[in-house]
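Here's the structure we're looking at; comments come further down.
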Amino acid sequence: MVLRTASRLVVSFAITSRNARSLTTGSTVVSRLNDSSLLDWNKESSSSLTSFPVFDPASPGTVLAEVQSVDAAEAIEKSKDALASWRDDTTASFRSTCLSEWSRLVKSNSEDLAIIMTLESGKPLAESKGEVNYAATFLDYYAAEAIRPTGAGGGFMVPSPFATPSGGPKGNVLAVQQAVGVCALIAPWNFPMAMITRKAGPALAAGCTAIVKPSELTPLSAIALDNLAKQAGIPSDVFQVVTVSTEETPSVGELLATSPHIQKLSFTGSTRVGKLLMKQSSETVKRLSLELGGNAPFVVFEDADIDQAVTAAMASKFRNAGQTCVCADRFLVHSSVHDIFVEKLVEKTKAIKVGAGIEADTTMGPLITLQAADSVLEKVRAAIEEGATCELGGNRLDGQFFEPTILTHVSTESDIWKTESFGPVVPVVKFETEEEALTIANDSSVGLASYFCTENLSRVFRFSNSLEAGLVGVNEGIISSCVAPFGGVKESGLGREGSHLGLAEYLETKYVFINS
Ligand SMILES: NC(=O)c1ccc[n+]([C@@H]2O[C@H](COP(=O)([O-])OP(=O)(O)OC[C@H]3O[C@@H](n4cnc5c(N)ncnc54)[C@H](O)[C@@H]3O)[C@@H](O)[C@H]2O)c1
Ligand SMILES: O=CCCC(=O)O
């Protein structure tokens, strides 16, 4: 394992002279960008606004930028006022063109966007580049969906507009799909661009207006997306980004969840906050999409191709240092292939290069905060105290870096097994029968992703049918795509994002009876 620290991360607050400049960006960020105007952030407000720091996860305590907060109440007013013109006065074709142009700009600025994302989220540059492209796919996908009669083109599962005789002696039934209205979109730090476009793409395509609240840990990615949206011709009140500090977040969350002017709330983040927003939203009976936490099982059967299983396990587990809601989190390996799987996984994992994401040869970055690194360490130590064997890693490195870790003989009662680790830890448990693997895999209050490796076709159907999860990867560790319906069951959430089903989340069905 190689630990690399970031190359000099000196922050001098270089941009304060221009009047009313509301994003003060450290030289580390600006000097790396081809176009520093991506981070322009001049917000006007009738109230005095605060600002908050954005930190570099690769260098604890280093401030990358000082970002001005945005007044959420004013944003709601603007969004409400902009709704009718966007929903009723623009054509679907115009909205489609705006989304396509936004995507084109995202792609043509991908180098800068990846740098911004890496600096504030910590993920390696190659992963950030992958996410920028992934983010653009949602804009392209929903640009294409937008031009179809709303909701009709997506396929048989989306309710389509229709007209039919009433079924009675007279009259006709007409059913139409309409934009839900003003939408609040609350996004997390771990995929700071793709989780925004996955929500905003279908919202804008459907004719809704959108207020995005990014994570306070990664507002720069959202600011850059906002600037490109404006360049693409999306009116500034139709798509707004509301940056707020950690301290302001609970009250702004409550405002978005309780405002009678907001018709829908879409949230990606922890199950804890999802439950809170669900309670708060009940006051106004909002439409809800909740993409919450997971604790994905990864099952390796005795008939699996072990090399393929190891590749899939690595891809799923170590993506974004294990900070992905669909990361494999609980490894169940048949006793007959346990030792060879672990041996091969340990060998491959040793090649991971831990370091600052901005360094070209880094393959795993830091965790997002010191608290996150502490929490992973605590769970690893507790698991070892409860009898687990540490096959690799097990330690926190400098700052927020954590060693890729493999634990065997893990107790299924331990915290590392029962709760989402959100870190680069592989806990392994042996099993003997398919029934036993299924029981352990489904023994969780959440059900987002799940994975299994087998060469047996009937088992593929049988086991995937029985897993209590919204997503199933068979012999594959990365299964996210704009064309696939993404979402969980149980306490992992409500609704689906991506695919034509993602558009349906932003549409209401209205039925009109016409007397004849
Ligand atoms: N299902 C998914 O698609 C998905 C995707 C990413 C992350 N996650 C989950 O999110 C968790 C990690 O992300 P996190 O630590 O950023 O989660 P988090 O819930 O703390 O934060 C997510 C977002 O919610 C905001 N937030 C926090 N408290 C809030 C409140 N009281 N009211 C309104 N908004 C509030 C944050 O500012 C951020 O924008 C993990 O559990 C992970 O599984 C799920
Ligand atoms: O972390 C959550 C989303 C990541 C993905 O879309 O695969």
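For the numbers below, each heavy atom of this structure counts, side chains included, while hydrogens, waters and symmetry mates do not. The structure presented is a predicted model; accordingly, all values stated were derived computationally and were not measured. We count ligands from 1, going down the list as the structure has it; atoms in each ligand are counted the same way.
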Next on the checklist: Among all the protein's non-hydrogen atoms, which is closest to atom 5 (C) of ligand 2, and how far away is it?
Outcome noted: Ser480 OG, 3.3 Å
Checklist entry - Looking at side-chain heavy atoms only, is the closest gap between Tyr141 and His500 below 4.5 Å? => result yes
Checklist entry - With backbone taken as N, CA, C and O and side chain as the heavy atoms from C-beta onward, which portion of Glu497 lies under 4.0 Å from ligand 1: side chain, backbone, both, or neither? => result neither
Checklist entry - To which of Leu292, Val252, Leu255, Leu276 does the heavy atom nearest atom 1 (N) of ligand 1 belong? => result Leu292
Checklist entry - For ligand 1, is any non-hydrogen atom under 4.0 Å from Ile186's backbone (N, CA, C, O), its side chain (CB onward), both, or neither? => result side chain
Checklist entry - Touching ligand 1 at all, Phe191? Heavy atoms, strictly under 4.0 Å? => result no
Checklist entry - Is Thr362 reaching over with its side chain to a backbone N or O of Ala356, donor-acceptor style, under 3.5 angstrom? => result yes
Next on the checklist: With respect to Thr268, determine whether any N or O atom, backbone or side chain, lies less than 3.5 Å from an N or O atom of ligand 1.
Outcome noted: no
Item to check | Cys325, Pro219, Gly269, Gly293: member with heavy atom nearest to atom 9 (C) of ligand 1 | outcome: Gly269
Item to check | Heavy-atom side-chain proximity of Pro219 to Glu120 below 4.5 angstrom | outcome: yes
Checklist entry - With side chains defined as the heavy atoms from C-beta onward, is the minimum distance between Asn109 and Val132 less than 4.5 Å? => result no
Next on the checklist: Residue-level breakdown please: for Thr246 versus ligand 1, do any non-hydrogen atoms fall below 4.0 Å on the side chain, on the backbone, on both, or on neither?
Outcome noted: neither
Checklist entry - Would you say Trp189 and Gln323 make side-chain contact, with heavy atoms under 4.5 Å? => result yes
Checklist entry - Tell me, do Arg319 and Val326 make a side-chain contact under 4.5 Å, heavy atoms counted? => result yes
Next on the checklist: With a 4.5 Å cut-off on side-chain heavy atoms, are Pro124 and Thr363 touching?
Outcome noted: no
Item to check | pair Leu448-Val446: side-chain heavy atoms closer than 4.5 Å | outcome: no
Item to check | Best match, Arg272, Glu216, Met195, Arg198: closest heavy atom to atom 37 (O) of ligand 1 | outcome: Glu216
Item to check | Mode of Leu256 contact toward ligand 1 - side chain, backbone, both, neither (heavy atoms, under 4.0 Å) | outcome: neither
Checklist entry - Near Ala187, which atoms of ligand 1 are under 4.0 Å from a heavy atom of that residue? => result 23 (C), 38 (C), 39 (O)
Checklist entry - Of the backbone atoms (N, CA, C, O) and the side-chain heavy atoms from C-beta on, which set of Pro214 has a member under 4.0 Å from an atom of ligand 1: side chain, backbone, both, or neither? => result backbone
Checklist entry - Quick one: does ligand 2 sit under 4.0 Å from the side chain of Glu131, the backbone, both or neither, non-hydrogen atoms only? => result neither
Checklist entry - How does Glu291 reach ligand 2, by side chain, by backbone, by both or by neither, if only non-hydrogen atoms under 4.0 Å count? => result neither
